[in-house]
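A quick write-up on the structure given underneath.
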Amino acid sequence: MLGMALAALDATIISTAIPQIVGDLGGFSVFSWLFSGYLLAVTVTLPVYGKLSDTFGRKPVLIAGITLFLAGSLLCAGAWNMASLIAFRIVQGLGGGALQGTVQTIAADLYPLKERPKIQARLSSVWAVSSVLGPAVGGLLAGYADWRWIFLINLPVGALALWLITRHLHEPARPDRKGAPPPRVDWAGALAIFACGGLLLTALVQGGVAWPWLSAPSLALLAGAGVCAAVTVVIERRVAEPIIPGWVWRRRTIAAVNLAFGALGLLIIAPTVFLPTYAQSVLGLGPIAAGFVLSVMSLSWPISAAFSNRVYNRIGFRQSAIIGIGLAALILAAFPFLPYPGAAWQPALLMLLLGAALGLFQLPLIIGVQSSVGWSERGTATASILFCRQVGQSVGAALFGAVANATLAARLDDAPADIRPGLPADLDAVSQALEHPGSLTDRAADYLRQGVDTVIDHVYVGAAGAALLALAVLVLVAPRRFPVREEFAERDEPEELHEPDERYERDERYERYEPDST
């Protein structure tokens with residue numbers, strides 16, 4: 001939990017310190033790469049660390065990840081300009097990728113199926129607490145100490161995590177490696193995945209922001225990502241121990257969950273990115289109150305996840321997730337029906353319900369996938385679903401950003417002629433104008449608020465569509481019963497959870513299970 005707190009805090013703690021960082025180092029035009037660079041590094045390293053943990057064990061990968069993260073934190077604290085800070089944030093992200101995937105895998109290693117919802121809920125609570133405390137702690141450190149302490153505070157936390165892991169995490173010897181040749185790392189595949197993921201995510205993150213979508217940089221990045229993807233497929237088919245093995249997509253259970261988590265990453269962008277703008281621009285709340293409207297989702301999510309075992313133990317993993325994502329679709333679709341301007345408790349109530357629905361959706365799928373594979377495949381399987389969620393978030397940010405800008409542009413084009421002069425041109429400028437409305441008439445300010453309300457309504461409709469996409473994947477692609485490995489089966493659990501709907505044959509060379517081709 002301490003190790004995961006490092007990655008969770010650094011995803012949010014820096015946001016409120018940006019004015020102080022820019023004032024000290026400059027580089028206002030590129031400061032967004034403090035977030036984008038970290039996200040890119042975390043995302044592209046997830047599958048690599050997953051495979052490494054299956055090959056060499058969880059403990060060395062986790063220790064290496066924390067060490068690299070702390071080295072990046074120390075370098076960030078000593079950054080001398082914005083370019084160096086961005087580079088060192090990428091170093092942090094390279095370590096953060098090991099933290100996110102490996103911690104989730106260790107939880108599945110240490111806890112049996114019946115107890116795993118409790119520990120997974122505790123890990124989820126780390127993210128919930130970090131989303132609430134991160135911006136506040138970052139603002140306090142930047143305002144009353146120095147922004148460099150945002151990174152230095154990681155050092156004692158990380159040192160304690162390293163000591164606890166080194167002293168208390170003991171992995172059993174792997175019988176499948178006895179007498180086997182030393183494992184070989186697919187470095188060519190890892191490099192191809194780095195290149196493909198980096199180009200694709202850069203195009204998604206910067207497209208429509210740093211340059212237009214149909215401009216030469218966007219098209220070049222997307223074309224390069226396509227070429228690297230083809231090269232990756234060729235490499236991964238030829239090596240004995242690929243970073244992303246083919247069985248990740250050949251098995252219905254894992255493939256369906258990967259697609260569903262991609263849709264989850266897509267829909268989660270609506271509340272996390274656009275709801276604070278709605279709360280401040282439409283409802284007129286301050287930053288703290290707007291953060292509370294969003295944070296209630298982070299509070300109900302782990303609570304729902306902790307009790308999800310009472311549902312999936314009775315009806316199964318797939319059915320529990322179907323109920324959760326179905327409720328999420330209804331909640332997201334209800335957002336456009338909120339009154340204008342409305343009261344703060346109304347969106348807060350919807351976010352509370354959304355967190356409960358997503359807790360019932362996400363955790364059964366994670367546990368279902370982890371329970372369907374053995375030790376030597378668990379890291380890769382866990383990393384694949386987290387990777388798909390991260391990619392879904394990047395796609396969602398680009399897609400919903402385009403929807404928001406198009407909706408707002410149409411709204412501004414339709415503005416009455418007497419208020420059109422002086423109106424801002426994009427969503428960020430509209431939010432700033434409403435925050436400081438001195439140059440706006442009351443009529444113009446109200447027109448802009450209604451425009452923002454329409455923008456957020458369209459984004460939430462798109463998020464509801466993403467939830468329906470996840471629902472369709474679970475209904476049409478996922479097997480009716482998730483196959484559960486014998487090592488996870490317990491006598492007091494329903495028998496239907498243990499019945500695989502696919503037959504598996506043992507592949508003695510690679511010590512894994514493959515679907516029977518017949």
Side-chain angles (χ1 to χ4, degrees), residues 43 46-47 50 101 104-105 108 113 116-117 120 233 236 242 244-268 305 308-309 311-329 357-374 377-396 463-485 488 494 496-504 512-517:
T43 303
L46 273 169
Q104 295 277 6
T105 307
L113 183 59
R116 207 173 306 148
Q120 290 284 6
V233 171
E236 297 299 85
I244 302 181
W247 56 260
V248 168
W249 293 104
R250 286 198 300 268
R251 298 182 190 175
R252 286 177 58 197
T253 300
I254 303 176
V257 173
N258 283 344
L259 294 174
F261 264 65
L264 172 63
L266 195 68
L267 72 88
I268 205 64
S308 64
N309 65 322
V311 180
Y312 70 68
N313 276 339
R314 288 177 171 83
I315 63 176
F317 298 121
R318 173 177 173 267
Q319 288 77 2
S320 299
I322 286 175
I323 292 174
I325 200 64
L327 292 174
L358 293 179
L360 187 61
F361 164 76
Q362 176 180 266
L363 189 60
L365 293 183
I366 292 178
I367 293 177
V369 166
Q370 291 178 333
S371 303
S372 70
V373 297
E377 298 175 340
R378 197 171 300 137
T380 300
T382 302
S384 72
I385 58 179
L386 297 179
F387 174 77
C388 288
R389 173 174 170 166
Q390 292 284 92
V391 172
Q393 287 181 291
S394 299
V395 173
L468 291 177
L469 178 62
L471 178 63
V473 168
L474 292 177
V475 171
L476 300 177
V477 181
R480 189 168 64 89
R481 297 186 180 97
F482 281 26
V484 174
R485 290 284 297 251
F488 295 108
E496 71 168 28
L497 293 180
H498 308 156
E499 297 177 1
D501 68 319
E502 303 174 18
R503 287 178 292 170
Y504 288 85
R512 65 191 184 209
Y513 287 82
E514 294 287 0
D516 187 344
S517 60

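Just so it is clear, the structure is predicted and the values come from calculations on it, not from any experiment. Positions are given from 1, in the same order as the sequence printed here.
The minimum heavy-atom distance linking P483 with S372 is given by the pair O-CB, 3.0 Å. Minimum heavy-atom separation, A470 to A263: CB-CB, 3.7 Å. The two residues G101 and L386 come nearest to each other via the heavy atoms CA-CD1, 3.7 Å. In this structure, C388 and N258 approach most closely via the heavy-atom pair CB-O, 3.4 Å. G316 and S320 get closest at one heavy-atom pair: O-OG, 2.9 Å. A260 and V473 make their closest contact through N-CG1, 4.2 Å (heavy atoms, listed as atom of the first residue, atom of the second, distance).
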Go through I254 and W249 one step at a time and tell me if the side chain to side chain contact (heavy atoms under 4.5 Å, CB included) criterion holds.
-> CA-CA 7 Å; I254 303 176; W249 293 104; over 6 Å; no
Trace of the side chain to side chain contact (heavy atoms under 4.5 Å, CB included) decision for I315 with I323 | CA-CA 10 Å; I315 63 176; I323 292 174; 3.7 Å; yes
Show the numbers, then the answer: is there a side chain to side chain contact (heavy atoms under 4.5 Å, CB included) between W247 and T380?
-> CA-CA 10 Å; W247 56 260; T380 300; 4.2 Å; yes
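Side chain of R318 to main chain of F482: no donor-acceptor pair is present (N/O by atom type, distance under 3.5 Å, no hydrogens or angles). A side-chain donor-acceptor contact under 3.5 Å links E236 to the backbone of I244.
Looking at heavy atoms from C-beta onward, L267 lies in side-chain contact with I325 at the 4.5 angstrom threshold.
If you take CZ on R116 and CG on L363, they are separated by 9.5 Å, rounding to the nearest 0.5 Å. Here the CD1-OG distance, from I366 to S371, works out to 11.0 Å after rounding to the nearest 0.5 Å. Put simply, CG on N313 and OG on S308 are 9.0 Å apart, with the number rounded to the nearest 0.5 Å. Once rounded to the nearest 0.5 Å, the distance linking CZ of R480 with CG of L474 reads 15.0 Å. With values rounded to the nearest 0.5 angstrom, L264 atom CG is found 6.0 Å from L358 atom CG. A distance of 9.0 Å separates CG in L471 from CZ in F361, rounded to the nearest 0.5 Å.
When E377, Q104, Q370 are each tested for a side-chain hydrogen bond (donor to acceptor under 3.5 Å, both in side chains) with T382, only one passes: Q370.
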